[in-house]
Structures are given as C-alpha cells and as structure tokens.
2 protein chains.
Amino acid sequence: MAQFVHPATADITLAGVLSALADPIRLQIVRGLLQESGCLSCTAASPCPTIAKSTLSNHFRVLREAGLIQTSKKGVEHQNAVRSADLEARFPGLLMAILAHSVTDGLPVTSE
Amino acid sequence: MAQFVHPATADITLAGVLSALADPIRLQIVRGLLQESGCLSCTAASPCPTIAKSTLSNHFRVLREAGLIQTSKKGVEHQNAVRSADLEARFPGLLMAILAHSVTDGLPVTSE
DNA sequence: TTCAATAGTTCGGAAGTATGGAACTATTGA
DNA sequence: TCAATAGTTCCATACTTCCGAACTATTGAA
C-alpha cells in the first residue's frame, strides 16, 4: 500500500470532479475536510457512522483519483486533505462555486 | 404524452445538477443548447451522431429531471432550453463556473 | 381517411458500477 | 508475540447505463 495514486494537477478533469462531487456522501466528506483545517482520517471524515468501511474506502478512492483530495499515510491512519490549491489552479472558482451551495443539498428550501 | 415533468426551481438539488453534468455527453448538450440561443430539438442537440436514440432520450430525461433544461413539445419535435434563470436563482454562479471550464482542458469557451 | 416518414419514448437484456460483509494487510502498543 | 485499530481488497447482490427493437405521437401526402 505504499503511496497512493494522485493525478497531477493538469490531469484533473472536469467530469471527474463533477462525478466525484455528484455523490452527497462525497460532497459532505469534502465539506467536512475543508471545515476541519483540511486533515482528517477516513473514519473521522465520514459524514455518517452507518456507512460500511469498504464503502467509505471506495468513496475516498474516488475522491483521490479525481484529484479532489490528497491522502498520506501517518501511522495507522490516513490523513486526507482537500487539494484546494491544485483545484483552484486547474478550475478557478469551481470548487468554491460548488461548495458555496452544498449546505442546501438534500434540504429543499420549500415543500417536500 | 402530456407535458414533461420539470422540478420547481426550489426543488433543484446540487447533487442532481452535478450528477447530470458529470456525464461528458450531457455537459456537451447543455453547452450546445446555450450556444444555440437555447432552443434545439433532441437530435439537433446531440453532440455525437453515433449515440443511440434511446440513450439520447435518457440523457435528456436526466437533464430535465435535474432541472437543467426545459422541454416543450412543438409538433413532432421537442424543444429544449437550458433553465439558465432558474439555475442562477437556485445556485448563483454555479452553472457558469462549471461551463467556463467545460471545454476539457483549458480552452476558453468565451472566445470560441 | 389511410399510409408513410420523422421525432422521441419505453422495454428488455447485457455490461458496468455501488454497496456492504468477511477476510486481509499494516501499524501501534502492551 | 499478541491484540487492537485503520483501511484495503474480494466477492456477491443490487442498482444504473447503454443500446437495439418495438412503440407512440405528429405531420404531410395520396
């Protein structure tokens, strides 16, 4: 499990970013990471304790391969951080534009 | 086939929008619609002639149900338009932030 | 009215993707 | 060395996507 595979900044694709963030769980993970000074273990960054470890691991892999987060091993844990600078360089304003509205996700303003 | 089901502006969700635009084909459809004064039939808005009709129909359904486009029947064709104003009202700046980079790797949309 | 052409939709099966439990690896600490 | 903890991998099941074929709806011509 040496080091993880992270795409270079130039290799981050728009479809990959959107696809990764299209999942509410992953969206919440990224939001949580940004709120917590950017470094959390996988379980600490989980938005819901009922999610299976394997599922969570998969979500982190998707985020990692999309270039949204950077994962480094630290002891028995993994430290995850949002690649804010890389994303800003690759798609200026995109992440902010998306996360600016993520609070309302799944919380309809009106009926339902 | 009465009218199509379009979500109210308030019911448009972030995950729905991101999920709909996470597909390169749908991203191209939306871009094409915006470039063409916003009204195109389904086949006219197809970014690739090899896509099966059923697949295309499904893509338009996804875009419609996500609140990205409005479809109205006009004779034998369907007229599709991006719900720019609704999206701007619901998620200010989001669509623009996404489409600003949708030309896959750095080519500017504006000067095209 | 009947027939053919066109534009989309729906159906059904094949291929791909997501989920979670069980088993596995890696690190730490006793 | 053993147990505990953090993640990953494997596998089976469930869900989604894609396409061809059949279907519906509108138009225009005979």
From C/dG8, C/dT9, D/dT26, pick the nucleotide closest to the side chain of B/F4?
C/dT9

At what distance, to the nearest 0.5 angstrom, does NZ of B/K74 lie from OG of B/S41?
11.0 Å

Give one of base, sugar-phosphate or nothing for A/S57, where a contact means two heavy atoms less than 4.0 Å apart.
base

Would you indicate, yes or no, if D/dT8 has its OP1 or OP2 atom less than 4.0 angstrom from a side-chain nitrogen or oxygen of A/H78?
yes

Hey, what do you get for SG (A/C48) to CD1 (A/I25), rounding to the nearest 0.5 Å?
7.0 Å

Out of curiosity, does B/V62 fall in the hydrophobic cluster containing B/L87 (side-chain heavy atoms, cut-off under 4.5 Å, transitive links)?
no

Whole-Å distance, A/E77 CD to D/dT8 C1', equals 15 Å

How about B/T9 and B/R90: does a side-chain donor come under 3.5 Å of a side-chain acceptor?
no

Would you kindly confirm whether A/M96 and B/L21 end up in one hydrophobic cluster when ILVMFWY residues are joined by side chain heavy atoms under 4.5 Å apart?
no

From the candidates C/dA26, C/dT6, D/dT8, the one with an atom nearest any side-chain atom of A/R64 is D/dT8

B/I51 has a side chain; which of C/dT9, D/dC19, D/dT26 sits nearest to it?
D/dC19

In dot-bracket, 5' to 3', how would DNA chain C read with Watson-Crick or G-U wobble pairs under 3.5 Å, [ ] for crossing ones and | for pairs to another strand?
||||||||||||||||||||||||||||||

Taken to the nearest whole Å, CD1/B/I69 to P/C/dG8 is 11 Å

Which pair of non-hydrogen atoms, one from B/P47 and one from B/I29, has the smallest distance, and what is that distance?
CD-CG1, 3.8 Å

Indicate, with yes or no, if the rings of A/F60 and A/H78 have centres closer together than 6.0 Å.
no

Starting at CD of A/E65 and ending at C1' of C/dT17, how long is that distance when rounded to a whole Å?
13 Å

Can you work out whether B/L56 or A/K53 has the more 5'-proximal nearest nucleotide on DNA chain D?
A/K53

Distance (rounded to the nearest 0.5 Å) between A/L63 CG and A/I69 CD1:
5.0 Å

Can you check the A/K74 NZ to C/dT28 C1' distance for me, whole Å?
14 Å

For B/N80 and C/dG8, give me the distance from atom CG to atom P, rounded to whole Å.
8 Å

In B/S/- notation, 5' to 3', how is nucleotides 10-18 of chain D contacted by protein heavy atoms closer than 4.0 Å?
--------S

Of all pairs that satisfy salt bridge (Lys or Arg N to Asp or Glu O under 4.0 Å), the ones with a partner from residues 53-63 of chain A, not counting sequence neighbours
A/R61-A/E65

